[in-house]
S.K.: 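I have a structure I would like to understand better, so I am pasting it below and will then ask my questions one at a time.
What you see is a predicted model, and the numbers here were worked out from it, not measured in a lab. One is the number of the first residue; the rest follow in order along the sequence.
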Amino acid sequence: MHKSPFNPDIQHENTGPKVVVALERISEAFRVLLWNESKTHGLSPIQVQVLIFLKYHSPDKCKVSFLADEFNMTKATISDTVKALMNKKLIEKDQEPGDARSFIINLTPNGASIAEQTEQFTREILEPVENLPAETKEQLFLSLTNIIHHLNRAGIITIQRMCQTCLYYRTNHQGAAHYCELLGKKLESTELRLDCPEHELLSTEN
């Protein structure tokens, strides 16, 4: 039987469980901050997340099927979210050229305004992170990307447009720990991306 990281005695024995519990508490902070922000605007947390996502991503990603994968939800749940946002006149659907069955979801002016108002809900988390020494932030970022990559490969979270899952990414290439073949350059650790618009999924990823 696996030892629970929530057992204080187990935490005392090993740093790993402490890290897991720390991440759980930070995730709880995200939930609280997002919930508080959504209540302010009469929205649900997922509705706020969808509005913010639509603001920053290209039309090919602004579709129900993509959003379902992005937020690890069923198409039915995302369809209900889209319908609710349309009823609130925060988004609109446009038929995709050449495909009568496919629609692209766009923000209305009011939706764009709400997205701009809500997208700073993580500021209380960002502030202490920004106050960390540069070297500590870099190491923290690399550690978190490794955890995210593992969760993606394990099938727990789906879409990840990060360097480590990209066709163009190479490691230990020409002496570079991180290398992008699309850009043809070595990447510093701080240049690695979690959400790259040029990402091409590596076909051998499981």
Side-chain angles (χ1 to χ4, degrees), residues 27 30-31 33-35 37-38 41-122 125-126 141 144-169 180-183 187 191-206:
S27 72
F30 270 98
R31 288 194 293 271
L33 292 169
L34 180 57
W35 178 252
E37 192 70 42
S38 63
H41 298 277
L43 301 171
S44 70
I46 185 59
Q47 288 171 4
V48 170
Q49 290 177 292
V50 167
L51 291 177
I52 295 171
F53 182 89
L54 294 175
K55 178 180 178 181
Y56 288 106
H57 292 85
S58 58
D60 62 299
K61 298 179 178 65
C62 297
K63 301 176 182 178
V64 168
S65 58
F66 196 96
L67 291 171
D69 285 339
E70 177 71 23
F71 294 106
N72 295 281
M73 293 183 171
T74 64
K75 288 184 180 180
T77 298
I78 290 297
S79 293
D80 288 343
T81 298
V82 168
K83 182 178 180 180
L85 290 172
M86 289 185 67
N87 289 338
K88 295 175 186 288
K89 301 189 184 305
L90 298 179
I91 62 171
E92 57 190 8
K93 292 198 300 185
D94 295 325
Q95 186 173 311
E96 185 173 13
D99 189 347
R101 299 173 299 174
S102 181
F103 292 88
I104 297 171
I105 306 167
N106 296 306
L107 293 172
T108 63
N110 194 30
S113 176
I114 295 297
E116 184 172 354
Q117 294 175 53
T118 58
E119 64 182 341
Q120 298 299 325
F121 77 91
T122 60
I125 297 175
L126 179 61
F141 173 64
L144 291 173
T145 57
N146 287 335
I147 293 172
I148 293 168
H149 189 204
H150 169 82
L151 294 172
N152 176 241
R153 290 178 64 86
I156 297 170
I157 52 178
T158 50
I159 291 179
Q160 294 300 322
R161 293 175 297 281
M162 60 194 302
C163 290
Q164 289 91 330
T165 65
C166 185
L167 175 67
Y168 302 116
Y169 175 75
C180 177
E181 289 197 336
L182 179 64
L183 299 177
L187 299 175
E191 293 181 293
L192 293 176
R193 293 189 175 190
L194 287 176
D195 192 353
C196 179
E198 285 81 34
H199 182 273
E200 291 288 342
L201 185 65
L202 183 63
S203 60
T204 56
E205 283 291 308
N206 297 319

S.K.: Under the side chain to side chain contact (heavy atoms under 4.5 Å, CB included) test, which residues partner I157, sequence neighbours left out?
M.R.: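 For I157, the residues satisfying side chain to side chain contact (heavy atoms under 4.5 Å, CB included) (neighbours in sequence not counted) are N72, I148, L151, N152, Q160.
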S.K.: For S65, enumerate each residue passing the side-chain hydrogen bond (donor to acceptor under 3.5 Å, both in side chains) test, keeping only those at least two apart in sequence or located in another chain.
M.R.: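 None.
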S.K.: Carefully, step by step, assess H41 and V48 under the rule side-chain contact (heavy atoms from CB on, under 4.5 Å).
M.R.: CA-CA 9 Å; H41 298 277; V48 170; 5.8 Å; no
S.K.: Say you draw a straight line from NE2 of H149 to CG of L194; how long is it, rounded to the nearest 0.5 Å?
M.R.: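 Reported to 0.5 Å precision, the distance equals 12.0 Å.
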S.K.: Is any side-chain heavy atom of I105 closer than 4.5 Å to a side-chain heavy atom of V82?
M.R.: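 Yes, at least one pair of side-chain atoms sits under 4.5 Å.
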S.K.: Please examine the side chains of S102 and K63, heavy atoms only from C-beta on, and report whether any two atoms are closer than 4.5 Å.
M.R.: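 Answer yes - side chains close enough.
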S.K.: Out of E200, H199, E198, which residue meets the side-chain contact (heavy atoms from CB on, under 4.5 Å) rule with L182?
M.R.: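 Answer after filtering E200, H199, E198: E198.
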S.K.: Is it true that a side-chain atom of T158 and a backbone atom of D69 form a donor plus acceptor pair closer than 3.5 Å?
M.R.: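 Yes, the answer is positive, given that a donor and an acceptor are paired below the 3.5 Å cut-off.
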S.K.: Using the test salt bridge (charged side-chain N to carboxylate O under 4.0 Å, His left out), find all partners of E119 that sit at least two apart in sequence or belong to another chain.
M.R.: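 With neighbours one apart ignored, the set is K55.
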S.K.: Of all residues at least two apart in sequence or in a different chain, which pass the salt bridge (charged side-chain N to carboxylate O under 4.0 Å, His left out) check with D195?
M.R.: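 Checked D195 against salt bridge (charged side-chain N to carboxylate O under 4.0 Å, His left out); matches are R161.
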S.K.: For side chain to side chain donor-acceptor pair (under 3.5 Å), just list the numbers for T108 and N110, CA-CA rounded to whole Å, side-chain angles, deciding distance to a tenth of an Å, and then say yes or no.
M.R.: CA-CA 5 Å; T108 63; N110 194 30; 5.6 Å; no
S.K.: Identify all side-chain donor-acceptor contacts of residues 84-93 below 3.5 Å with residues at least two apart in sequence or on another chain.
M.R.:
residue: N87; atom: ND2; partner: K83; partner atom: O; Å: 3.4
residue: K88; atom: NZ; partner: G42; partner atom: O; Å: 3.3

S.K.: Please say whether more than 12 non-hydrogen atoms of neighbouring residues, nucleotides or ligands are located less than 6.0 Å from CD in E116.
M.R.: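 Open.
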S.K.: D94: what forms a side chain to side chain contact (heavy atoms under 4.5 Å, CB included) with it, not counting sequence neighbours?
M.R.: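 D94: side chain to side chain contact (heavy atoms under 4.5 Å, CB included) contacts with N106.
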S.K.: Going by side-chain hydrogen bond (donor to acceptor under 3.5 Å, both in side chains), name the residues that satisfy it together with E181, two or more places apart in sequence or in a different chain.
M.R.: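 Result, side-chain hydrogen bond (donor to acceptor under 3.5 Å, both in side chains) vs E181: R170.
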S.K.: Using every non-hydrogen atom in the two residues, find where L107 and A115 come nearest and quote the distance to one decimal.
M.R.: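 Closest heavy-atom pair between L107 and A115: CD1-CB, 4.4 Å.
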S.K.: Suppose we screen for salt bridge (charged side-chain N to carboxylate O under 4.0 Å, His left out). Which residues come up paired with E37, at least two apart in sequence or across chains?
M.R.: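 If we apply the salt bridge (charged side-chain N to carboxylate O under 4.0 Å, His left out) test to E37, skipping adjacent residues, there are no hits.
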S.K.: Could you tell me which non-hydrogen atom of F71 sits nearest to which non-hydrogen atom of V50, and how far apart they are?
M.R.: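 Result for this residue pair: CE1-CG2, 4.0 Å.
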S.K.: Is there side-chain contact between T81 and L67, with heavy atoms separated by less than 4.5 Å?
M.R.: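 Heavy-atom side-chain distance check fails, nothing below 4.5 Å.
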S.K.: With sequence neighbours excluded, tell me which residues meet side-chain hydrogen bond (donor to acceptor under 3.5 Å, both in side chains) with T77.
M.R.: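 Residues passing side-chain hydrogen bond (donor to acceptor under 3.5 Å, both in side chains) with T77: T74.
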S.K.: I need the I46 CD1 to M73 CE distance, nearest 0.5 Å.
M.R.: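 Here the rounded value is 4.0 Å.
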S.K.: List in chain and number order the residues that pass side chain to side chain contact (heavy atoms under 4.5 Å, CB included) with C163, two or more places apart in sequence or in another chain; answer none if no residue qualifies.
M.R.: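 Result, side chain to side chain contact (heavy atoms under 4.5 Å, CB included) vs C163: Y169, L187, L192, R193.
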S.K.: Sequence neighbours left out, what passes ring-ring contact (aromatic ring centres under 6.0 Å, His included) with H150? Give chain and number order.
M.R.: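 Expected list: none.
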S.K.: Over all heavy atoms of both residues, which pair between F53 and F66 is shortest? Give the atoms and the distance, please.
M.R.: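 Reported closest heavy-atom pair: CZ-CE2, 3.8 Å.
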S.K.: Using the salt bridge (charged side-chain N to carboxylate O under 4.0 Å, His left out) criterion, which residues pair with K61? Sequence neighbours excluded.
M.R.: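 Once residues adjacent in sequence are excluded, K61 has no partner under the salt bridge (charged side-chain N to carboxylate O under 4.0 Å, His left out) criterion.
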S.K.: When rounded to the nearest 0.5 angstrom, what distance separates CD in Q120 from CG in L33?
M.R.: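 That separation rounds to 12.0 Å.
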